[in-house]
Amino acid sequence: MITLTTANFDEQVLRADKPVLVDFWAEWCGPCRMVAPVLQEIENEYGLAIGKLNTDENPEIMTRYGVLSLPTLLLFENGEPVRQIIGAKPKRMLVSDLGLA
């Protein structure tokens, strides 16, 4: 997984040559910790690039995309968000919601 920050977000996500799933999370967020290992499995099994953005350390990006709840997952393709998932979900639901199944 890629650690995203305000400084590298545009390069790692918006200019990426393949889809990138951005996990907006925070240390204090219990559901964020629950979904993290599931995202690791998805990355390993499907080869989807996943970046983690700590919203407490990078609030500018959170505000830019109107993220109000954690965890929020945004799938970016060609520099644009194309799918949004809010909240922790089981792996099979995430795979389906991301269009990987």
Side-chain angles (χ1 to χ4, degrees):
M1 286 195 199
I2 305 161
T3 299
L4 298 171
T5 65
T6 301
N8 72 3
F9 188 86
D10 290 0
E11 180 66 32
Q12 295 291 326
V13 177
L14 302 184
R15 291 193 280 277
D17 58 358
K18 63 180 184 175
V20 178
L21 180 66
V22 178
D23 174 19
F24 290 83
W25 71 282
E27 281 291 330
W28 50 263
C29 171
C32 297
R33 288 192 302 273
M34 289 172 42
V35 78
V38 175
L39 293 176
Q40 186 67 59
E41 288 178 21
I42 289 172
E43 182 179 50
N44 294 340
E45 291 176 25
Y46 295 92
L48 180 64
I50 299 178
K52 295 183 67 69
L53 184 105
N54 184 320
T55 57
D56 288 338
E57 297 173 2
N58 303 279
E60 306 86 4
I61 304 296
M62 183 179 175
T63 301
R64 184 192 303 179
Y65 292 101
V67 173
L68 301 174
S69 299
L70 298 180
T72 290
L73 305 173
L74 285 179
L75 181 63
F76 286 81
E77 291 180 3
N78 301 314
E80 297 294 326
V82 296
R83 294 183 195 251
Q84 179 180 38
I85 301 168
I86 298 172
K89 295 184 177 187
K91 180 180 173 182
R92 64 179 170 72
M93 290 181 72
L94 287 175
V95 168
S96 176
D97 289 353
L98 291 168
L100 300 173

**Complete:** On a heavy-atom basis, the closest approach of P19 and A49 is O-CB, 3.7 Å
**Request:** For the pair R33 (side chain) and E27 (backbone), establish whether a donor and an acceptor sit closer than 3.5 Å, ignoring hydrogens and angles.
**Result:** yes
**Prompt:** Would you say E60 has more than 12 foreign heavy atoms packed within less than 6.0 Å of its CD?
**Reply:** yes
**Asked** Does N58 reach the main-chain N or O of T6 with its side chain, forming a donor-acceptor pair under 3.5 Å?
**Response** yes
**Item:** Heavy atoms from other residues, nucleotides or ligands near CE of M1 exceed 12 (cutoff 6.0 Å)
**Value:** yes
**Request:** Report yes or no: do V67 and L14 belong to one cluster of Ile/Leu/Val/Met/Phe/Trp/Tyr joined by side chain heavy-atom distances under 4.5 Å?
**Result:** yes
**Request:** Please say which of V20, D97, I50, V82 ends up in a side chain to side chain contact (heavy atoms under 4.5 Å, CB included) with L75.
**Result:** V82
**For L53, the option from N8, I2, I61 that meets side chain to side chain contact (heavy atoms under 4.5 Å, CB included)** = I61
**Asked** In terms of the angle between their ring planes, are F76 and F9 parallel, tilted or perpendicular, with boundaries placed at 30° and 60°?
**Response** perpendicular
**Asked** Is the side chain of N54 donor-acceptor paired with the backbone N or O of T3 at a distance under 3.5 Å, no angle test?
**Response** no
**Request:** Consider only side-chain heavy atoms of I, L, V, M, F, W and Y, link residues closer than 4.5 Å, and tell whether V35 and L21 are in one cluster.
**Result:** yes
**Message:** Just checking N78: does its CG atom have more than 12 heavy atoms from other residues, nucleotides or ligands closer to it than 6.0 angstrom?
**Reply:** no
